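Positions are given from 1, in the same order as the sequence printed here. Keep in mind that the numbers below use all heavy atoms, side chains included, and drop hydrogens, waters and symmetry copies. None of the values given here were measured: they were computed from a predicted structure.
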Amino acid sequence: MDILVKGGLLADGTQADIAITGDTITEVAPGISAEAGEVIDARGKLVTQPFVDAHFHMDATQSYGRPRVNASGTLLEGIALWGELKQQQTREDIIARALDYCRQAVAKGILAIRSHVDVTDESFNTVEALLEVRDRVRGVLDLQLVAFPQDGWFRAPNGEHQVIRALDAGVDVVGGIPHFERTMADGAASVRAACELAAARGLRVDLHCDESDDPLSRHIETLAAETLRCGLQGRVAGSHLTSMHSMDNYYVAKLLPLIAEAQVAAIPNPLINITLQGRMDSYPKRRGQTRVPELCAAGVTVAFGQDCVRDPWYPLGSGDMLDVAHMGLHVGLMTAPDEMRTAFEMVTRTPAEILGLDFGLAKGKRASLVVLDAPDPIEALRLRPARLAVVSNGKVVSRTEPARSDLSVTF
């Protein structure tokens with residue numbers, strides 16, 4: 001074998017060695033004794049499948065303050081600022097920022113990202129830049145691109161045409177933003193158009209859906225219904241879903257079974273949802289994050305996304321999915337042990353499922369994993385520890401030494 005990960009603790013608490021040959025896991029069992037080209041000592045450390053970010057905006061990342069800071073902290077001002085920035089930025093600028101972020105992400109153990117790409121700029125700089133970035137990081141980081149009409153499928157004069165143009169260029173997933181259309185009817189029509197386009201091309205769908213404090217923004221209902229009509233079960237995700245936070249409980253009791261029946265996944269983005277939502281409230285201020293525990297209880301697949309790192313919408317962000325899950329479990333009041341383990345899965349196993357990736361710590365799976373300086377998922381969430389080793393497709397791509405303090409006091 002090429003790599004032997006020795007003595008690691010799996011998420012379920014069992015101890016096992018992991019043998020890797022080439023880009024494949026060839027055995028997971030205690031006490032593997034065969035020779036290996038490299039041995040990673042993981043004794044007492046958590047070994048997990050990679051972190052996966054199911055929702056990100058790589059074309060905007062690390063552009064904070066350009067052209068100026070978002071003074072109101074609102075979603076709409078962020079969209080306006082992005083509209084100015086995309087007229088100024090160059091293809092080379094986008095590539096440089098995106099590659100820098102990819103390096104940070106890999107060091108944090110993220111080995112797959114689904115990034116929405118604004119396709120409505122006629123220059124096509126964003127799409128061409130991220131297609132190049134996808135090619136350059138291939139083999140280390142899986143970058144899945146969504147054709148995202150930021151200015152609207154119908155609201156932008158060229159929205160639908162640009163989505164199709166991006167898909168023709170090789171973008172992977174059909175996107176949309178129904179709540180940003182000029183009318184509710186146009187929003188519903190954009191959902192239907194996106195699902196029909198995906199069905200015709202055999203693609204997945206991921207819509208920015210109901211990213212609003214308005215409880216009457218109910219495009220998730222249309223998305224679930226259109227998923228069923230078009231036969232897209234298991235290939236569709238609704239991102240954000242923040243209006244559900246404010247919806248009437250009776251309506252939600254009807255909505256949740258529909259989402260589950262359609263097998264539509266939900267992708268909340270805790271850091272950003274609680275920052276952008278509730279800005280027009282006095283007190284009490286709404287958190288904005290969608291109903292994560294209720295979605296899980298209904299059998300809906302839920303994954304957390306990072307969404308933004310230092311861009312027109314969010315001034316912070318570190319590329320650490322454990323930060324995302326840490327915030328998500330706090331806002332969702334998910335502090336029972338099983339709920340915290342579920343939050344950990346929301347940044348590892350479940351987003352990999354949504355993206356259709358062959359990750360997992362089992363024989364025959366891709367040899368991609370992370371060794372954390374913590375013994376179990378709950379401690380990993382508590383401490384957000386060093387990623388001692390990151391293995392991607394059978395190669396060690398990052399190592400980090402744990403932080404150590406040298407106290408000069410005695411008690």
Please report the shortest heavy-atom distance between S392 and V140, naming the atom on each side. OG-O, 2.7 Å
Please confirm whether the backbone N or O of S217 pairs with a side-chain atom of S243, one donor and one acceptor, at under 3.5 Å? yes
Return a table of donor-acceptor pairs under 3.5 angstrom between the side chains of residues 265-280 and protein atoms on other chains or two or more places apart.
{"from": "N269", "atom 1": "ND2", "to": "H240", "atom 2": "ND1", "distance (Å)": "3.2"}
{"from": "N269", "atom 1": "ND2", "to": "I267", "atom 2": "O", "distance (Å)": "3.4"}
{"from": "N273", "atom 1": "OD1", "to": "N269", "atom 2": "N", "distance (Å)": "2.8"}
{"from": "N273", "atom 1": "ND2", "to": "H240", "atom 2": "ND1", "distance (Å)": "3.0"}
{"from": "T275", "atom 1": "OG1", "to": "L271", "atom 2": "O", "distance (Å)": "2.6"}
{"from": "Q277", "atom 1": "NE2", "to": "D213", "atom 2": "OD1", "distance (Å)": "3.1"}
{"from": "R279", "atom 1": "NE", "to": "G73", "atom 2": "O", "distance (Å)": "3.2"}
{"from": "R279", "atom 1": "NE", "to": "T275", "atom 2": "O", "distance (Å)": "2.9"}
{"from": "R279", "atom 1": "NH1", "to": "S72", "atom 2": "O", "distance (Å)": "3.4"}
{"from": "R279", "atom 1": "NH2", "to": "T275", "atom 2": "O", "distance (Å)": "3.2"}

Scanning both residues in full, the closest heavy-atom pair of A112 with L141 reads N-CD1, 3.4 Å
With sequence neighbours excluded, residues passing side-chain hydrogen bond (donor to acceptor under 3.5 Å, both in side chains) with E132: R91, R136
Does H208 have its ring centroid less than 6.0 Å away from the ring centroid of F180? no
Between K108 and D323, is there a side-chain N and carboxylate O pair less than 4.0 Å apart? no
Test side-chain contact (heavy atoms from CB on, under 4.5 Å) on M244 and D210; report intermediate values, then the result. CA-CA 8 Å; M244 197 185 298; D210 302 326; over 6 Å; no
If the condition is side-chain hydrogen bond (donor to acceptor under 3.5 Å, both in side chains), which residues does D53 pass it with, not counting sequence neighbours? none
Using only atom types and a distance under 3.5 Å, with no angle test, would you say the side chain of E160 pairs donor to acceptor with the backbone of W153? no
Side chain of D23, backbone of A367: donor and acceptor closer than 3.5 Å? no
Check for a donor-acceptor pair, side chain of Q15 on one end and backbone N or O of P30 on the other, with a separation under 3.5 Å. no
Run the side chain to side chain donor-acceptor pair (under 3.5 Å) check on R66 and Q88 step by step: do they pass? CA-CA 9 Å; R66 297 170 54 188; Q88 302 170 7; 5.9 Å; no
Applying side chain to side chain donor-acceptor pair (under 3.5 Å) to D59 and T126, what does each step give before you reach the verdict? CA-CA 6 Å; D59 49 2; T126 51; 4.6 Å; no
Mark yes or no for whether D142, through its side chain, and Q144, through its backbone, hold a donor-acceptor pair below 3.5 Å. no
Ignoring hydrogens and geometry, is there a side-chain-to-backbone donor-acceptor pair from R286 to P284 under 3.5 Å? no
Verify, without hydrogens or angle tests, whether Q62 (side chain) and R97 (backbone) share a donor-acceptor contact under 3.5 angstrom. yes
Sub-3.5 Å donor-acceptor pair from the side chain of R182 to the main-chain atoms of G152, do we have one? no
Under a 3.5 Å distance rule, please check whether N70 uses its side chain to pair with a backbone N or O of T74 as donor and acceptor. yes
